[in-house]
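Here the structure is a predicted model, which is why all the values come from computation and not from measurement. Keep in mind that the numbers below use all heavy atoms, side chains included, and drop hydrogens, waters and symmetry copies. Below, chains carry the letters A, B, ... as their sequence lines are ordered, and counting in each starts from 1.
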Number of protein chains: 2
Amino acid sequence: MKQFHEYQNPSLAVDLVVFGYHDNTLSVLLLNRREEPFKDCWTLPGGFLQMNETFRDTCSRILKTKVGMDNVFLEQLYSFDDLQRDPRGRVIAVGYYALINPARFSIIAGSMANDVKWFNVRKMPALGFDHREIFQLALQRLKSKILYYPVGFELLDELFTITELHELYECILQTTIDRRNFRRKILDAEYIINTGTKREGLQNRHPELYRFNRKLKKNNFQININIS
Amino acid sequence: MKQFHEYQNPSLAVDLVVFGYHDNTLSVLLLNRREEPFKDCWTLPGGFLQMNETFRDTCSRILKTKVGMDNVFLEQLYSFDDLQRDPRGRVIAVGYYALINPARFSIIAGSMANDVKWFNVRKMPALGFDHREIFQLALQRLKSKILYYPVGFELLDELFTITELHELYECILQTTIDRRNFRRKILDAEYIINTGTKREGLQNRHPELYRFNRKLKKNNFQININIS
DNA sequence: TTTACTTTACGTTAAAATGACGCAAACGAA
DNA sequence: TTCGTTTGCGTCATTTTAACGTAAAGTAAA
């Protein structure tokens with residue numbers, strides 16, 4: 001019988017779908033590859049797993065070195081194992097998605113300016129490898145997740161208005177949601193807490209600022225929104 | 001720079017949570033290991049990925065050779081990457097779960113009799129590796145899935161009564177569901193089709209036999225059952 | 001045959017949730 | 001002050017849900 005380490009193993013990579021929300025637009029961070037394969041193509045940021053790393057470690061390393069981010073929300077998506085997915089050989093990719101508030105990071109500066117870019121999720125370019133598939137699964141997961149988990153938590157500022165949260169939901173779900181019913185559901189679910197302060201300097205009535213209820217029981221929250 | 005194939009890679013394994021439903025009991029198939037590590041411990045059936053296999057291929061191979069099953073429902077669960085999860089070295093495991101109708105297979109015969117066994121999911125023995133974690137995630141996934149996807153499809157016979165389906169739901173969700181409300185929801189959702197035939201030979205009123213509606217639109221179905 | 005008992009099939013009803021709106025207060029700008 | 005817009009709170013008809021009633025269909029015992 002073969003010894004344990006004599007088996008040949010596929011390479012293991014991590015690919016990241018980094019979502020950011022800004023100016024009423026949901027975007028994904030893409031890298032322009034400088035090497036073959038898929039040279040000059042847009043791809044998801046990714047990298048190979050090292051022997052002493054967990055997937056999350058790899059994600060953190062990629063986020064830090066390639067796009068200058070740290071300490072972000074990460075969740076495993078799915079593992080992709082198509083035999084032909086990488087022309088260099090057998091590579092298994094574990095997909096993760098990240099949710100970040102772009103305001104927190106000053107990426108896309110200096111030498112990286114042409115290589116790292118936000119793309120509106122509705123206007124994606126062609127992607128290398130099977131990254132379109134990974135991206136689409138991530139988007140679908142985000143859409144599902146936002147209905148039963150307070151996802152905005154990761155995408156918005158610490159303080160926000162109900163209108164801002166409402167716009168985030170409409171943007172992600174690609175649907176219109178009645179403003180007043182949305183307010184009622186969100187408040188009834190105790191999803192957010194009124195801080196008592198208001199956002200100043202706006203043209204019209206100053207809206208109240210809220211923060212997420214961190215004490216919310218898991219799965220205590222569900223928004224039923226008809227996605228038609 | 002290192003060449004592509006010179007990187008050291010973890011081993012890649014697949015671990016399977018095989019669910020079967022019989023006699024109003026949800027069970028999982030476990031193997032008693034004959035080798036170290038975890039010799040004589042119960043573990044999930046599993047095996048190493050080969051270079052020319054997809055995960056599903058590996059699952060099929062394991063199911064066929066270790067427990068004599070083929071052509072079953074399979075879904076990827078999650079990938080487990082703890083550095084210490086296997087005492088032999090770095091092994092990444094991709095968890096899958098399978099749903100089968102035990103009546104379809106004559107496993108647990110002959111030389112395997114002492115090695116392969118069904119365990120009631122509520123009476124699980126200690127498991128080797130991190131298999132308890134994998135099992136628990138699978139059970140949780142099954143519980144969630146049954147609420148929006150016609151899972152019974154895979155676990156019951158071709159023809160079944162509403163009472164049998166009702167019992168399956170109660171068993172998996174570990175809760176009581178009003179018999180009459182359950183019937184109404186399942187029928188309104190067009191989840192099942194009345195075959196016009198009845199199950200004969202029972203003591204009391206003969207119940208009508210149904211089959212799953214294979215033409216059911218995906219996600220057209222949702223049962224709201226309060227899991228308290 | 002009749003009675004007793006159980007399961008199945010089909011209703012009923014009050015309460016809760018939802019969707020579709022109305023409207024006045026709060027603000028800056030004209 | 002007036003105007004236009006956003007925000008916050010409310011109403012109401014309709015739908016959905018949970019809880020429970022009851023008669024028909026069957027077997028077995030009286």
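- One interatomic measurement links the two molecules: CD1 of B:Ile177 to P of D:dT17, which rounds to 14 Å at whole-angstrom precision.
- A cation-pi geometry, defined here as NZ or CZ lying under 6.0 Å from the six-membered ring centre and within 45° of its normal, holds between A:Lys145 and A:Tyr149.
- Counting only N and O atoms by type, the side chains of A:Ser60 and A:Asp57 include no donor and acceptor under 3.5 Å apart.
- Residue A:Asn204 contributes atom CG, which lies 12 Å from atom P of D:dG8 at whole-angstrom precision.
- Summarising the geometry, the separation between CD1 on B:Ile186 and C1' on C:dT8 is reported as 16 Å, rounded to the nearest angstrom.
- For the atom pair B:Ser27 OG and B:Asn120 CG, the distance stands at 5.5 Å (nearest 0.5 Å).
- Rounded to an integer number of Å, the gap from B:Lys198 NZ to D:dG26 C1' is 10 Å.
- Looking at residues two or more places apart in sequence or on another chain, you find a ring-ring contact (aromatic ring centres under 6.0 Å, His included) between A:Phe80 and A:Tyr78.
- One can place CG of A:Asp188 at 14 Å from C1' of C:dG19, the figure rounded to the nearest angstrom.
- One interatomic measurement links the two molecules: CZ of B:Arg199 to P of D:dA25, which rounds to 20 Å at whole-angstrom precision.
- Taking atom CD of A:Glu200 as the reference point, atom P of D:dT6 lies 18 Å away to the nearest angstrom.
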request  = Please lay out, stage by stage, how A:Asp15 and A:Arg85 fare under the test salt bridge (charged side-chain N to carboxylate O under 4.0 Å, His left out).
outcome  = CA-CA 13 Å; A:Asp15 286 317; A:Arg85 62 175 296 285; 3.3 Å; yes
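- Using a 4.0 Å cut-off, some side-chain N or O of B:Lys185 falls inside it from OP1 or OP2 of D:dA18.
- In this structure, the CD atom of A:Gln203 is 10 Å from the P atom of D:dT5, given to the nearest Å.
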Validation: residues 156-168 of chain B side-chain donor-acceptor distances under 3.5 Å, sequence neighbours left out:
from     : atom 1 : to       : atom 2 : distance (Å)
B:Asp157 : OD1    : B:Asn101 : ND2    : 2.6
B:Glu158 : OE2    : B:Arg211 : NH1    : 3.0
B:Thr161 : OG1    : B:Glu164 : N      : 3.1
B:Glu164 : OE1    : B:Thr161 : N      : 3.1
B:Glu164 : OE1    : B:Arg199 : NH2    : 3.2
B:Glu164 : OE2    : B:Arg199 : NE     : 3.1
B:Glu164 : OE2    : B:Arg199 : NH2    : 3.2
B:His166 : NE2    : B:Glu170 : OE2    : 3.3
B:His166 : NE2    : B:Ile177 : O      : 2.7

ask   = How does each nucleotide of nucleotides 9-17 of chain C score, in 5' to 3' order, for protein heavy atoms under 4.0 Å: base (B), sugar-phosphate only (S), or none (-)?
value = BBB------
